[in-house]
Amino acid sequence: MIVCKKKQLVYFHNPKTAGSSITFVLAPHSTKAGQLDMKELEKQGSGWQGKVHHDGHQHFRMTHTQYGEFRNFFKFSFVRNPFDMVLGFYEKTKERHHVKTFEQFLTSVWYRGPDHALKYTQTEYLDADNLDFIGRYENLYDDWKFIANKFDLPNELPHFNQRKNPQLKDYRKHYDETTRMLVEKRYRKDLEVFNYDF
């Protein structure tokens with residue numbers, strides 16, 4: 001959770017939804033701003049995001065944060081189509097996790113292990129009823145501009161963790177009946193609550 005007290009804004013970092021880009025833009029306005037050197041932050045590898053978060057953890061479930069004291073602040077997050085999100089995570093981590101196929105990944109501990117970005121579904125991460133705005137990764141730039149204009153923030157987001165394989169833009173081509181069923185089963189509530197489909 002990133003808290004920007006002067007702007008009365010709270011951001012909840014739902015994994016794999018452009019969170020690093022949003023975190024970087026919000027960093028100078030956060031409760032941690034005085035402890036941050038933005039030039040050094042930009043040079044750092046993984047793990048820098050947690051330094052910007054109010055509680056020091058970038059991927060805390062919303063219900064596990066102390067956001068109650070900021071209840072009157074504007075609260076927002078972003079979500080993403082689970083089929084695209086899961087495929088993107090697989091593509092980014094398959095070599096590190098030593099999995100050769102997408103189906104193998106979906107049946108491995110890396111898919112929903114306790115120390116990974118996909119350990120919770122989006123509806124488990126977010127308390128949607130208590131958010132003032134839920135942007136969509138698929139409409140990232142327009143939805144971010146809404147936040148930027150409302151809170152006098154930069155309209156442009158920096159690019160972090162960009163997808164390296166352009167062929168993955170159409171995620172449907174990379175699914176078969178089995179892999180679709182595995183993702184659909186786990187993310188059924190996400191699909192319903194955030195109105196996504198295959």
Side-chain angles (χ1 to χ4, degrees), residues 1-42 44-82 85-86 89 111-137 139-140 143-154 157-158 160-161 186-196:
M1 159 178 88
I2 297 177
V3 178
C4 305
K5 285 187 176 179
K6 287 184 179 178
K7 294 185 180 292
Q8 296 206 326
L9 179 67
V10 179
Y11 167 62
F12 296 94
H13 187 166
N14 182 32
K16 313 310 297 175
T17 58
S20 295
S21 301
I22 295 170
T23 295
F24 190 81
V25 171
L26 293 179
H29 309 281
S30 73
T31 54
K32 300 291 185 176
Q35 305 163 32
L36 301 172
D37 180 329
M38 294 304 294
K39 288 182 180 177
E40 284 302 312
L41 200 65
E42 197 169 7
Q44 291 182 22
S46 62
W48 64 267
Q49 299 93 331
K51 295 175 182 175
V52 180
H53 285 251
H54 186 72
D55 46 21
H57 301 280
Q58 72 185 79
H59 290 157
F60 256 23
R61 292 170 72 175
M62 189 173 163
T63 53
H64 291 184
T65 66
Q66 300 297 318
Y67 78 88
E69 63 181 296
F70 309 111
R71 191 170 299 279
N72 294 326
F73 285 23
F74 186 93
K75 298 174 292 299
F76 80 101
S77 189
F78 274 76
V79 295
R80 183 175 179 180
N81 187 312
M85 180 178 66
V86 171
F89 185 71
Y111 176 38
R112 53 195 302 179
D115 298 320
H116 303 290
L118 301 184
K119 61 186 172 183
Y120 302 116
T121 63
Q122 296 176 101
T123 45
E124 290 170 336
Y125 262 112
L126 302 174
D127 181 5
D129 290 338
N130 283 304
L131 288 168
D132 298 296
F133 180 74
I134 299 174
R136 291 180 176 260
Y137 181 85
N139 196 39
L140 177 64
D143 285 353
W144 171 253
K145 280 180 182 176
F146 167 77
I147 296 292
N149 292 334
K150 188 175 179 66
F151 292 96
D152 191 26
L153 293 163
L157 287 171
F160 287 95
N161 303 321
R186 185 174 182 217
Y187 286 91
R188 183 163 285 125
K189 190 173 180 182
D190 281 15
L191 295 168
E192 291 171 1
V193 170
F194 301 122
N195 197 27
Y196 281 117

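- In terms of heavy-atom proximity, Val79 sits nearest to Thr17 at C-CG2, 3.8 Å.
- In this structure, CG in Asn81 is found 7.0 Å from CG in Leu191, a value given to the nearest 0.5 Å.
- In this structure a side-chain-to-backbone donor-acceptor pair under 3.5 Å is present from Ser21 to Pro158.
- The closest donor-acceptor contact from the side chain of Ser77 to the backbone of Phe12 lies under 3.5 Å.
- Across Ala27 and Ala33, no two heavy atoms sit closer than the pair O-CB, 3.6 Å.
- To the nearest 0.5 angstrom, Leu126 atom CG is 11.0 Å from His13 atom NE2.
- Under a 3.5 Å cut-off, the side chain of Arg136 and the backbone N or O of Asp143 do not form any donor-acceptor pair.
- The aromatic rings of Tyr111 and Tyr187 sit tilted, their planes meeting at an angle between 30° and 60°.
- Classified by interplanar angle (parallel below 30°, tilted 30° to 60°, perpendicular above 60°), the ring pair Phe146/Phe74 is tilted.
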Checklist entry - Where do Ile147 and Leu153 land on the side-chain contact (heavy atoms from CB on, under 4.5 Å) test, with the steps shown first? => result CA-CA 8 Å; Ile147 296 292; Leu153 293 163; 4.2 Å; yes

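- In summary, the aromatic rings of His29 and Phe151 are positioned with their centroids too far apart to meet the 6.0 Å limit.
- Between Lys16 and Ala117, the closest heavy-atom pair is CD-CB, 4.1 Å.
- Of the possible donor and acceptor atoms, one in the side chain of Gln122 sits under 3.5 Å from a partner among the backbone N and O of Arg80.
- In this structure, Phe194 and Thr123 have side chains that are in contact, with non-hydrogen atoms separated by less than 4.5 Å.
- At least one donor-acceptor pair closer than 3.5 Å links the side chain of Trp144 to the backbone N or O of Pro154.
- Once rounded to the nearest 0.5 Å, the distance linking NZ of Lys32 with CG of Leu26 reads 15.0 Å.
- Summarising the local packing, CD of Gln66 is surrounded by 12 or fewer heavy atoms from other residues, nucleotides or ligands at distances under 6.0 Å.
- Here the OH-NE2 distance, from Tyr125 to His64, works out to 10.5 Å after rounding to the nearest 0.5 Å.
- For the pair Leu131 and Met62, the tightest heavy-atom approach, listed with the atom from each and the gap, is CD2-CE, 3.8 Å.
- Using cut-offs of 30° and 60° for the angle between ring planes, the His54 and Phe70 rings count as perpendicular.
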Checklist entry - Checking side-chain contact (heavy atoms from CB on, under 4.5 Å) for the pair Leu118/Arg112: CA distance, chi angles, key distance, verdict? => result CA-CA 5 Å; Leu118 301 184; Arg112 53 195 302 179; 5.8 Å; no

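- Here CD1 of Ile134 is found 9.5 Å from CG of Asn14. Values are rounded to the nearest 0.5 Å.
- Among Arg186, Lys189, Arg188, the single residue meeting the side chain to side chain contact (heavy atoms under 4.5 Å, CB included) criterion with Thr121 is Arg186.
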Next on the checklist: Let's go through Asp190 and Tyr196 carefully: what are the C-alpha distance in whole Å and the side-chain angles of both, what is the deciding distance for side-chain contact (heavy atoms from CB on, under 4.5 Å) to 0.1 Å, and is it a yes or a no?
Outcome noted: CA-CA 8 Å; Asp190 281 15; Tyr196 281 117; 6.0 Å; no

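- In this structure, Asp132 contributes its side chain and Phe76 its backbone to no donor-acceptor pair below 3.5 Å.
- Not one N or O on the side chain of Lys5 forms a donor-acceptor pair closer than 3.5 Å with the backbone of Val3.
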Checklist entry - Given Val10 and Met1, is the side-chain contact (heavy atoms from CB on, under 4.5 Å) satisfied, shown in steps? => result CA-CA 7 Å; Val10 179; Met1 159 178 88; 3.6 Å; yes

